[in-house]
K.L.:
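Take this structure, written in structure tokens, and hold onto it; I'll ask about it next.
Chain naming here is simple, since letters A, B, ... match the order of the sequence lines and numbering starts at 1 in each. Note that these values count all heavy atoms, side chains included, but never hydrogens, waters or copies made by symmetry.
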Amino acid sequence: MSTSDRRKPYPFDLIEPAWQRVWAERGTFRVPNPGDPGFDAGRPKYYVLDMFPYPSGAGLHVGHPEGYTATDIIGRYKTMRGFNVLHPMGWDAFGLPAEQYAIKTGQHPAVTTAQNVAHFKGQLQRIGFGYDWSREVNTTDAGYLRWTQWIFLQIYGAWFNPDTQRAEPIATYTGEEPDHVRLAYVAEAPVNWCPELGTVLANEEVIDGKSEVGGHPVERRPMRQWMLRITAFAQRLIDELEGLDWPVGIKLLQSNWIGRSEGAEVGFQTIPNPEPEPGTHYRSPWIKVFTTRPDTLYGATYLVLAPEHSMVDYVVTEEQATAVEEYREKTARKSDLDRTELAKEKSGIWTGAFAINPVNGERIPIWIADYVLPGYGTGAIMAVPAHDERDWEFARKFALPIRAVVSETPALGLGGGSSPCDAEPLECFTGEGFAIHSGPLDGLPTPIAKAEIIARLEALGVGKKTINYKLRDWLFSRQRYWGEPFPIVWENGRHRALDASELPLTPPPLDDFKPTGTGEPPLAKATDWIRYSETATRETNTMPHWAGSCWYYLRYCDPQNAERFVGVEAERYWMTGAVPENPQSAIRNPQSQSGVDLYVGGTEHAVLHLLYARFWHKVLHDLGHVSTPEPFQRLVNQGLILGSDGQKMSKSRGNVVNPDDVIGEYGADALRCYEMFMGPLEATKPWSMTGVEGVARFLARVWRLVMEENQLGEWIVSPAVQKVEPDKALLRVVHATVKKVGEDIEELSFNTAISQMMVCTNALVNLNPRPISAIRTLLLVLAPFAPHLAEELWARLDGDGLIAGQTWPTYDPAVLVVDEVEYPVQVNGKLRDKIVVSKDAPTADVEAAALALPKVAEHTAGKTIRKVIVVPGRLVNVVAN
RNA sequence: GCCGGUGUGGCGAAAUGGCAGACGCAACGGACUUAAAAUCCGUUUGGGCGAAAGCUCAGUGCGGGUUCGAGUCCCGCCACCGGCACCA
């Protein structure tokens, strides 16, 4: 028998579309904003958000509904609990795949995007998610991208005031050249250029020297690009992680990515060439290095500049000029991939020049090497080979001197008589210890030596305490067609903003979207569009697709607003709970401080979307456009769903599961429940079709609790369902189920919630008569998980209105109390027997009953009973030896 | 190398420091059926003893520790998965 004509366990194929229609027609999941008819200010708000999908041509896979089902259960549950629930969905529809598909087929990306969105939406609706579709957003709509551009203009029109540590309107800047401090600026900088994609990429989009999309090689190239000054917010982006209810792993990932490190900047004066007579006073430029170990300054035996460093041309001697130039060219040709892959073997070359170590006046050589990165710190280092692995390797290879200045033990550092001509150390020691061979620092433990040397350098004016971040400014322009055009025009070599009234600026119609290959964006081909006026032309770069996702959660609050990116009251209500009548005191969800109350999505966005969105949000917050400093209060990462072979799902492995097929065979409720029953939401877990079948069987059992087939083959309410009182045992199971399912939903422990509902169903299934009250309660707690089935049976049992609109049931703790308790009795921690006693039995009675057991006597024979531990309500343990 | 996470039956998993394996899958046995499917009932961690009900020992990646009692807490390892990786 083929699977397609297998008898359906219950008629889900009829009831599911029917209820989806009812919900749509009645607007069941529409939620009003403050001021709208039907808005109830007395209810607390709950904002539960999914990471909106990129509508790819492939459609949904079973990974999508995992997180979506979790949020849907939460949304439906919170609604039953009396919250105003905001649970929206939309489309992150700009981006490379649509454009590449367009290039291949010649079809406009807007066309394919619309098709894909329709396909995705149909698939999502078939799963029965309770989204408020009236709030649907699409990042490519003119009504949306208009505000993406408007936010860009806010960023462009702002600067970071170091005194207030806040973004402020550029008008408050009193310096010379505002363009130098804007949060959006143009820079000629080495960028990640991907020839295959014909665009530059952000650091975050480059993985192991290859593009995140497509895996094409990426090379470094200097280009004029738009940058966003995210580095100004580095410290706040780290600090303000603390108050967020996010997985620790993600917080760590993000703060490591930002990569704060404390150290010092130290200046080394270069020695002019030819070298002046000793004792001559001369002026020559200084090289600044960054180090986290200023305490090792006495062990610095050479300097290394990045090959790209601007001082290289200045210091290089005539004899070394050719060799240095060759080395620099070789480095420039290397892609990032080569540069890291060849990391095993250090390379470099001497510039012929020397510099002066500021603390001991020593003359040390200046080298260039590609292991020093141009983008980090000052692009130059002092090399301390005795205490840094990389410097050690380099010094060994090029026979440079190695001098130990930190000792693991204090003894070696004492005495002060240690001379700097001690033998070279046998190995590199990178840990902390005590300074030696370091003049005034000798004997000091590393942390104190650091502070001491920094104080001395500052006094001499040749160094200072510094904090460095790995985070780079965000490369924000792309040479692509399918993205938001910059609302910028160029005139006389300078950029300026479009007026907000000129927005939206939609991409020009174009037949040929292909990258030009030269780095010139495709928009350059739209010659009419480019011309803004006689003297001004439009910027032809577009924004990266992250732009739209940086603020979509705000647009959901007020998606139709034509006056503002989000209405003031709508934003305040959904982000803080404050209602217009009383804007000062927010009704806050006790579980959440601010912002989106629950955000569910994959880990892959830990350092991309989640960092960018926080950055934009902080700018908007500083400028007074949003109420909270952080967008997402609570974050949960759903785990990856693997194929049934335990491998990542992929077309090539042929292990991809299509949710449409699952729905066709077992129904949407079975798909939803199986996705939640597989295991903990955050765990990686393999798909199993027989597992789906098991869950479908459970749902069919619930169906048959209520329904049976008559002789005509019609489903009718079973006569076993009657208005009778449940007995004590059943009542206890039902109340325990209400308690556990509610608590488990709060903890996002959906798998155990479903287990409990199975237990409850199993308790009901063989009863005749079956108490209708117990069944109704079961349906209420099942409703968020299997909403179609619950609606249908609720209606069949003549329930009032929709089950989606019911109040969550309560349980009576008194019902859960049992009269008699069974105690396991252990002897020396091993289970030997059990006793049943009254729940109120005093401890002494429990102990006596346990000791009276023959099994206990047997196992304590020949031993002395030392102690009897009675844990009330739990167990008895007899300790004997 | 560094940082996270995870290790429990044949499989997915569950267990406020308190009866390890709930719930489900698969497997096996049975009922119903002309037969099958579906459904329902039962068995199912391993070893030893027993004709049997049962008894007993061992068991949560490995080695230690704390505790009356450890899957759970502490210390030290191992394996796998994910992230970062010349960041000075």
K.L.:
Taking side-chain contact (heavy atoms from CB on, under 4.5 Å) as the definition, give me every residue that meets it alongside A:V607, ordered by chain and number, with sequence neighbours left out.
P.N.:
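Residues passing side-chain contact (heavy atoms from CB on, under 4.5 Å) with A:V607: A:W257.
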
K.L.:
Quote, to the nearest angstrom, the C1' distance that separates B:A22 from B:A14.
P.N.:
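B:A22 and B:A14 have their C1' atoms separated by 5 Å.
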
K.L.:
Taking CG from A:L642 and C1' from B:U6, how many angstroms apart are they, rounded to a whole number?
P.N.:
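So the two atoms are 13 Å apart, to the nearest Å.
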
K.L.:
Which atom pairs, one a donor and one an acceptor, fall under 3.5 Å between side chains of residues 672-683 of chain A and the rest of the protein, sequence neighbours left out?
P.N.:
from: A:R672; atom 1: NE; to: A:F785; atom 2: O; distance (Å): 2.9
from: A:R672; atom 1: NH1; to: A:D72; atom 2: OD2; distance (Å): 2.9
from: A:R672; atom 1: NH1; to: A:I127; atom 2: O; distance (Å): 3.3
from: A:R672; atom 1: NH1; to: A:G128; atom 2: O; distance (Å): 3.3
from: A:R672; atom 1: NH2; to: A:D72; atom 2: OD2; distance (Å): 2.7
from: A:R672; atom 1: NH2; to: A:P784; atom 2: O; distance (Å): 2.9
from: A:Y674; atom 1: OH; to: A:S688; atom 2: N; distance (Å): 3.1
from: A:E675; atom 1: OE1; to: A:E66; atom 2: N; distance (Å): 3.2

K.L.:
Please name the pair of heavy atoms, one in A:L241 and one in A:K251, separated by the smallest distance, quoted to 0.1 Å.
P.N.:
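Taking every non-hydrogen atom into account, O-NZ, 3.2 Å.
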
K.L.:
Minimum heavy-atom separation for A:A380 and A:L305, please, with both atom names.
P.N.:
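Result for this residue pair: CB-CD2, 3.5 Å.
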
K.L.:
Mind checking what makes side-chain contact (heavy atoms from CB on, under 4.5 Å) contact with A:T466, not counting sequence neighbours?
P.N.:
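Counting only residues at least two positions away or on another chain, A:T466 forms a side-chain contact (heavy atoms from CB on, under 4.5 Å) with A:E265, A:F290, A:K464.
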
K.L.:
Is it true that A:F394 and A:W367 have ring centroids separated by less than 6.0 Å?
P.N.:
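Yes, close enough.
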
K.L.:
Under 4.0 Å between any heavy atoms, over every strand shown, what does A:G249 touch: base, sugar-phosphate, or nothing? Just pick one.
P.N.:
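Here A:G249 touches the backbone only, sparing every base.
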
K.L.:
A:S749: which residues meet the side chain to side chain donor-acceptor pair (under 3.5 Å) condition with it, sequence neighbours left out?
P.N.:
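Here the qualifying residues are A:T752.
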
K.L.:
Quick one: A:R866 CZ to B:U67 C1', roughly how many Å, whole number?
P.N.:
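A:R866 atom CZ is separated from B:U67 atom C1' by 18 Å.
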
K.L.:
What is the separation between atom CE on A:M758 and atom P on B:C25, rounded to the nearest whole Å?
P.N.:
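Rounding to the nearest Å, CE of A:M758 and P of B:C25 are 7 Å apart.
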
K.L.:
Take the protein atom CH2 of A:W687 and the nucleotide atom C1' of B:C25, then report the distance between them rounded to whole Å.
P.N.:
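These atoms are roughly 14 Å apart.
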
K.L.:
In whole Å, what separates the P atom of B:C28 from that of B:U67?
P.N.:
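Here B:C28 and B:U67 have their P atoms 50 Å from each other.
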
K.L.:
Side chains of A:S261 and A:N468 only: does a donor on one sit below 3.5 Å from an acceptor on the other?
P.N.:
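A:N468 and A:S261 do not have a side-chain donor-acceptor pair below 3.5 Å.
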
K.L.:
Can you give the dot-bracket line for RNA chain B, using ( ) for pairs inside the strand, [ ] for pairs that cross earlier ones, | for pairs with another strand and . for unpaired bases, where Watson-Crick and G-U count if both distances are under 3.5 Å?
P.N.:
(((((((..(((.....[....))).(((((.......))))).(((((....)))))..(((((..]....))))))))))))....

K.L.:
Would you mind telling me which residue lines up with the more 5' stretch of RNA chain B, A:S688 or A:Y376, judged by nearest nucleotide?
P.N.:
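Final value for this comparison: A:S688.
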
K.L.:
Please identify each residue that fulfils side chain to side chain donor-acceptor pair (under 3.5 Å) with A:E847, with sequence neighbours left out.
P.N.:
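Expected list: none.
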
K.L.:
What is the separation between atom CG on A:N637 and atom P on B:U6, rounded to the nearest whole Å?
P.N.:
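So the two atoms are 13 Å apart, to the nearest Å.
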
K.L.:
Mind calculating the distance between CE (A:M382) and P (B:C86) to the nearest angstrom?
P.N.:
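Those two atoms, CE and P, are 20 Å apart.
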
K.L.:
Using atom names, set out every protein N or O paired with an N or O of nucleotides 39-48 of chain B below 3.5 Å, distance rounded to 0.1 Å.
P.N.:
from: B:U39; atom 1: O3'; to: A:R704; atom 2: NH2; distance (Å): 3.2
from: B:C41; atom 1: OP1; to: A:N766; atom 2: ND2; distance (Å): 3.0

K.L.:
Find every protein N or O atom lying less than 3.5 Å from an N or O atom of nucleotides 52-60 of chain B, and list the pairs.
P.N.:
from: B:C55; atom 1: OP1; to: A:K855; atom 2: NZ; distance (Å): 3.3
from: B:C57; atom 1: OP1; to: A:R832; atom 2: NH2; distance (Å): 3.3
from: B:C57; atom 1: OP2; to: A:R832; atom 2: NH1; distance (Å): 3.1

K.L.:
Could you pull out all residues at least two apart from A:K465 that satisfy side-chain contact (heavy atoms from CB on, under 4.5 Å)?
P.N.:
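In terms of side-chain contact (heavy atoms from CB on, under 4.5 Å), with neighbours along the sequence ignored, A:K465 is linked to A:E262, A:I454, A:E458.
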
K.L.:
For A:L253, enumerate each residue passing the side-chain contact (heavy atoms from CB on, under 4.5 Å) test, keeping only those at least two apart in sequence or located in another chain.
P.N.:
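Scan of A:L253 (side-chain contact (heavy atoms from CB on, under 4.5 Å), adjacent residues dropped) gives A:A606.
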
K.L.:
Separation of A:Q756 atom CD from B:G24 atom P, in whole Å?
P.N.:
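To the nearest whole Å, that distance equals 11 Å.
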
K.L.:
Kindly state whether the ring of A:F268 and the ring of A:W286 have centres lying under 6.0 angstrom apart.
P.N.:
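No - the distance between ring centres of A:F268 and A:W286 does not fall below the 6.0 Å cut-off.
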
K.L.:
Between A:E708 and A:R704, does any NZ, NE, NH1 or NH2 come within less than 4.0 Å of an OD or OE carboxylate oxygen?
P.N.:
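So A:R704 does not pair with A:E708 through a salt bridge.
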
K.L.:
Return whichever of A:V879 or A:Y469 has its heavy-atom-nearest nucleotide of RNA chain B closer to the 5' end.
P.N.:
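The residue closer to the strand's 5' end, by nearest nucleotide, is A:V879.
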
K.L.:
Students often get this wrong, so: under 4.0 angstrom with heavy atoms, is A:T603 touching a base, only sugar-phosphate, or nothing?
P.N.:
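Since no nucleic acid heavy atom lies under 4.0 Å of A:T603, the category is nothing.
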
K.L.:
List the atom pairs, with distances to 0.1 Å, where a side-chain N or O of residues 759-768 of chain A and a protein N or O form a donor-acceptor pair under 3.5 Å, not counting sequence neighbours.
P.N.:
from: A:T761; atom 1: OG1; to: A:M757; atom 2: O; distance (Å): 2.7
from: A:N762; atom 1: OD1; to: A:R701; atom 2: NE; distance (Å): 3.4
from: A:N762; atom 1: ND2; to: A:M758; atom 2: O; distance (Å): 3.4

K.L.:
B:G83 C1' sits how many Å from A:L253 CG, rounded?
P.N.:
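Going from A:L253 (CG) to B:G83 (C1'), I get 5 Å.
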
K.L.:
Encode nucleotides 12-20 of chain B as B, S and - characters from 5' to 3', where the letter depends on protein heavy atoms closer than 4.0 Å: B to the base, S only to sugar-phosphate, - to neither.
P.N.:
BSS-B-BB-

